[in-house]
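Encoded as C-alpha cells, the structure appears first; notes follow it.
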Amino acid sequence: MQFRSLKGIQDILPPESYVWQKIEETSRETFKKYGYHEIRLPIIESTELFTRSIGETSDIVEKEMYTFNDKGDRSVTLRPEGTASLVRAYVEHHLYNEPSPQKYYYIGPMFRYERPQAGRFRQFHQIGAEVLGSEDPSLDAEIVSMLNAILRRLGIDGFDIEITSIGCKTCRPDFKTELKKSLADRLGLFCEDCNRRFDLNPLRTLDCKVPSCIEARKGSPAIIDFLCGECSRHMNGLKHGLSLLNIPFVINPNMVRGLDYYTRTAFEVTQGSPGSQKAIAAGGRYDGLVAEFGGPPIPGIGFAIGAERIVPLIKESLTVRESPDLFFCTLGKEASEKSFVLTSQLREKGLWVEMNYDTSSLKSQMRKADRLGAKNVIVLGEDELKNGRATIKNMKDKNEIAVAFDAGDILKAISK
RNA sequence: GUGAGUGUAGCUCAACUGGCAGAGCAUCUGACUGUGGCUCAGAGGGUCGCGGGUUCAACCCCCGUCACUCACCCCA
C-alpha cells in the first residue's frame, strides 16, 4: 500500500525547508523590533467561532471549512484563518486589562477545503500580526510599514501595497444602496456572476475580473467617496502616516474583503501579473470583532502573509545547504568504533561531523564525503591504528595533516 | 462546485500516431588491493496511474476511474 499526502497538502522538504526557516526568522526578528509578541493558538476551534466572525454567507464558511463532529458530538473546525482565534484568546484571557495596544504575531498552518492551484493549498501557512486596543491611524500605517519591512528584508521587491477604506457600520450601508441604484439600470452588461453578486453582495461586483464588467462598472460610485467623516479622517491619517514613512502605496477603491468582520482600513500586497493569487499578504481593521466576541468595544487591526506565496519570490530560494566540517572514512570494525567515539566528542565541541556507517570501499566513502561537501576528511584504517595517528585531508586544497586520535587535536587541525 | 490539460525508471522526457519499453541526469560498481570532483566502462531500477474494451498484437485506439497540474468561483 502506497500512501500519498492528502490533496492540496504538501510536505516541505529540505533544502526548501531552509527557505521557510529564513522566512520565519526574518519575521520574528522584525516583529520583535516592532514590539510584537508571539502567541500560539490552537489549530482547531469550535465551528461557531468562525461562522460568527467570518460571516455565514462568506465563501470560506459556506464551502471551504474543514468541519466535523468530534467524539462528544461538538462541531469543530480546522482554522481557516487566525484572527478569530486571536480575538477569542484576547477576550477569553481578559488581555484588554494589559496596557493597550497589545501586539501579537503567530505563524502556523491554516486549512481551507478548496481545489488546489498554483499558490493555493488546502493546508497553507500564514504569518500573521494583530494589534488590539487602538484605532489611531498611525497604527494602521505602522503595521503596513512593518509588513513592508518583512518583505523587503526577505529580498522581495516589485510588489504593490494597495490600500483602501471599506467604511464602517454607518457609511457602508449607505454606499451599498447607492451602488445598487447605480448598477441597477445596466445589469445586462455584467456577467452572470456579477448579477448573482448584485443581490448577495453588490460590493463584489467591483472586484470582478471579467473585462466587460470592468468596462461596464466604469463611473460607478466608489466607497472612498462615500465615507463618513470619521472614516474619511481615518483614511487620510493612514495615507499621511505612510507618506511620513516613505512607504509607497496605491489606492485601490475596488478592493473587497472576503471576511465580514473588516471595517475601515483594508490593504493588500500584490505582486506579479494581474490574475489569480497575486495577493501575497492582506489585512485590515476589525473594530467591531472584540465586542462581537463578548469583550469590550476594542478596535483591532492585523494582516497575514501567505507563506506559500512568498517562498517562490525569495531569491535565496536556491540556498546552498551548509556542509559538514568533517567526515570520517573508516576501514574495519576497530576503526569504525574509534571514529564513532571521536565523532561524538567532536560534535560536543560544536562541529558538524559525519561518519561512514556501512562498510564500503574507501573510494565510495570519499565519494560520499565529497557529495556531502565535507570540508575535511579523516581516513582511519589499519595503518593509522598501528601508528596511532591519522591524516586529515582538506578537501579543497588537498593538504593532509597528521593528527593523533584526539578530539582536541583534530579540532585544532581543522580550525586552522 | 465548474472547465481544460497531463499521467512511461528516483528526476526530466522519448518511443514512426498499433509490432520486443528507451535516453539523459541521479544511484551503485569497476578501470585505480587505502583517497573525492574529471573521463571511460558496466549494473541495478518499470504491474507504461488503475480497471475494462477493441485487436493476431495496445504505452499508443475506445470507455470508465483515480491522481496530479492549470484556470474559474473565491482567497493568503
Side-chain angles (χ1 to χ4, degrees), chain A residues 2-10 54-55 57-65 79-83 107-128 147 151 191-194 196-197 200-201 204 207-210 255-259 267-271 275-284 302-311 313 327-332 335 356 358 360-386 390-400:
Chain A
Q2 272 254 21
F3 291 106
R4 302 182 57 91
S5 68
L6 299 178
K7 185 197 281 283
I9 297 182
Q10 52 173 209
I54 297 170
T57 60
S58 67
D59 271 43
I60 292 180
V61 169
E62 274 188 347
K63 49 184 203 189
E64 295 175 2
M65 294 211 303
R79 64 179 184 192
E81 59 107 34
T83 305
I107 297 176
M110 306 292 163
F111 303 84
R112 290 184 200 172
Y113 194 87
E114 300 179 88
R115 283 280 281 268
Q117 203 180 318
R120 176 189 298 164
F121 307 92
R122 289 187 172 180
Q123 176 177 335
F124 59 103
H125 298 78
Q126 287 190 336
I127 299 162
L147 172 55
L151 297 174
C191 69
E192 222 175 285
D193 283 328
C194 278
R196 207 188 64 230
R197 291 180 186 119
L200 263 101
N201 190 347
R204 285 197 193 285
D207 198 36
C208 185
K209 291 162 197 110
V210 176
M255 198 192 304
V256 171
R257 300 278 79 171
L259 289 69
F267 56 94
E268 213 162 272
V269 178
T270 58
Q271 197 270 351
S276 63
Q277 285 87 58
K278 63 184 182 131
I280 59 179
F303 68 74
I305 300 171
E308 281 80 358
R309 297 201 177 164
I310 60 173
V311 166
L313 304 179
F327 187 98
F328 274 91
C329 294
T330 61
L331 296 163
N356 189 66
D358 306 296
S360 55
S361 70
L362 181 60
K363 188 188 189 66
S364 72
Q365 294 187 46
M366 286 298 289
R367 237 198 306 259
K368 189 181 287 181
D370 187 55
R371 279 295 306 270
L372 287 172
K375 299 181 186 84
N376 300 281
V377 170
I378 286 186
V379 178
L380 258 185
E382 285 171 25
D383 296 350
E384 286 77 10
L385 289 171
K386 214 181 295 170
T391 52
I392 295 185
K393 180 173 187 174
N394 180 307
M395 293 294 270
K396 209 168 185 177
D397 58 26
K398 299 184 183 180
N399 285 337
E400 300 196 2

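Here is the naming used below: chain letters follow the sequence lines, and residue numbers restart at 1 for every chain.
Between the side chain of A/Arg122 and the main chain of A/Ile9, no donor-acceptor pair closer than 3.5 Å is present. Side chain of A/Gln365 to main chain of A/Ser360: a donor-acceptor pair is present (N/O by atom type, distance under 3.5 Å, no hydrogens or angles).
Atom CD1 in A/Ile60 sits roughly 9 Å away from atom C1' in B/A76 (whole-Å rounding). Rounding to whole angstrom units, CD1 of residue A/Ile392 and P of B/G36 are separated by 19 Å. Between A/Leu151 atom CG and B/A76 atom C1' the separation is 12 Å, expressed in whole Å. If you measure from atom NZ of A/Lys7 to atom P of B/C70, you get 12 Å, rounded to the nearest angstrom. Atom pair A/Leu380:CG and B/U35:P shows a separation of 16 Å (rounding to whole Å applied). Atom-to-atom, CG of A/Asp358 to P of B/C28 comes out at 11 Å; the value is rounded to the nearest Å. If you take CG of A/Asn356 and P of B/G36, they are 15 Å apart, rounded to a whole angstrom. One interatomic measurement links the two molecules: CD1 of A/Ile310 to P of B/C75, which rounds to 21 Å at whole-angstrom precision.
Contacts of A/Gly128 with the nucleic acid, taken as non-hydrogen atoms under 4.0 Å apart, are absent. Across all strands, A/Arg112 comes closer than 4.0 Å to base atoms (heavy-atom distances). Counting non-hydrogen atoms under 4.0 angstrom, A/Ile305 reaches nothing in the nucleic acid. Within 4.0 Å (heavy atoms only), A/Glu114 reaches at least one base atom of the nucleic acid. Across all strands shown, A/Ala281 has heavy atoms under 4.0 Å from sugar-phosphate atoms exclusively, and none from any base. Among the protein residues, A/Glu382 comes within range of the nucleic acid bases, having at least one heavy atom under 4.0 Å from a base atom.
With a 3.5 Å ceiling on both atom-pair distances, the Watson-Crick or G-U wobble partner of B/G7 is B/C66. For B/C72, the paired base is B/G1 (Watson-Crick or G-U wobble, both distances below 3.5 Å). Of all nucleotides present, only B/C13 satisfies the Watson-Crick or G-U wobble test against B/G22, with each distance under 3.5 Å. Nucleotide B/C61 forms a Watson-Crick or G-U wobble pair with B/G53, both donor-acceptor distances falling under 3.5 Å. Pair assignment for B/G36 gives none, since no Watson-Crick or G-U wobble pairing has each distance under 3.5 Å. As the counterpart of B/G42, B/C28 is assigned, both hydrogen-bonding distances of the Watson-Crick or G-U wobble pattern falling under 3.5 Å.
Look at the C1' atom in both B/A26 and B/G44: the space between them is 13 Å, to the nearest Å. Comparing B/A9 with B/G45, their C1' atoms sit 6 Å apart, to the nearest whole Å. As rounded to the nearest Å, B/G3 and B/G42 have C1' atoms that lie 50 Å from one another. B/C28 and B/G10: their P atoms are spaced 16 Å apart (whole Å). With both ends at atom P, the span from B/C68 to B/G49 equals 16 Å, rounded to whole Å. Between B/G53 and B/G46, the distance separating the two P atoms is 26 Å to the nearest Å. A gap of 36 Å separates the C1' atoms of B/C56 and B/U12, to the nearest Å. Spacing of P atoms, B/U54 relative to B/C59, comes out at 16 Å, to the nearest Å.
Looking at A/His125 and A/Pro109, their side chains come closer than 4.5 Å, going by heavy atoms from C-beta outward. Inter-residue side-chain proximity for A/Glu268 and A/Lys278 is flagged as unmet; no heavy-atom pair is nearer than 4.5 Å. The shortest side-chain heavy-atom distance between A/Arg309 and A/Arg120 falls under the 4.5 Å cut-off. Residues A/Phe327 and A/Lys368 form a side-chain contact, since some pair of their non-hydrogen atoms from C-beta on lies under 4.5 Å apart.
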Name the pairs: protein N/O against N/O of nucleotides 37-46 of chain B, kept only if under 3.5 Å.
{"unit_1": "B/G37", "atom_1": "O4'", "unit_2": "A/Asp370", "atom_2": "OD2", "d": "3.1"}
{"unit_1": "B/G37", "atom_1": "O6", "unit_2": "A/Lys398", "atom_2": "NZ", "d": "2.8"}

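A/Leu331 contributes atom CG, which lies 8.0 Å from atom CD of A/Glu384 (distance to the nearest 0.5 angstrom).
Surrounding CD of A/Gln10 are more than 12 heavy atoms belonging to other residues, nucleotides or ligands, all under 6.0 Å away.
Of the two residues contacting RNA chain B, namely A/Thr391 and A/Ser361, the nearest-nucleotide position lying further toward the 5' end is that of A/Ser361. Residue whose closest nucleotide on RNA chain B sits further toward the 5' end, between A/Ile280 and A/Met366: A/Met366.
OP1 or OP2 of B/C72 sits under 4.0 Å from a side-chain N or O of A/Gln117. In this model, the phosphate group of B/C74 is not approached by any side-chain N or O of A/Ser58 to a distance below 4.0 Å at OP1 or OP2.
A/Val377 and A/Cys329 get closest at one heavy-atom pair: CG1-SG, 3.6 Å. Minimum heavy-atom separation, A/Phe124 to A/Phe121: CD2-O, 3.6 Å.
For A/Arg4 against B/G49, no side-chain N or O and base N or O form a donor-acceptor pair under 3.5 Å. For B/G34, its base sits under 3.5 Å from the side chain of A/Glu384 at one donor and acceptor pair at least. For B/C73, the base has no donor-acceptor partner in the side chain of A/Arg115 [N/O atoms by modelled type, under 3.5 angstrom].
The A/Arg309 side chain lies nearest to B/A76 when the options are B/G34, B/C74, B/A76.
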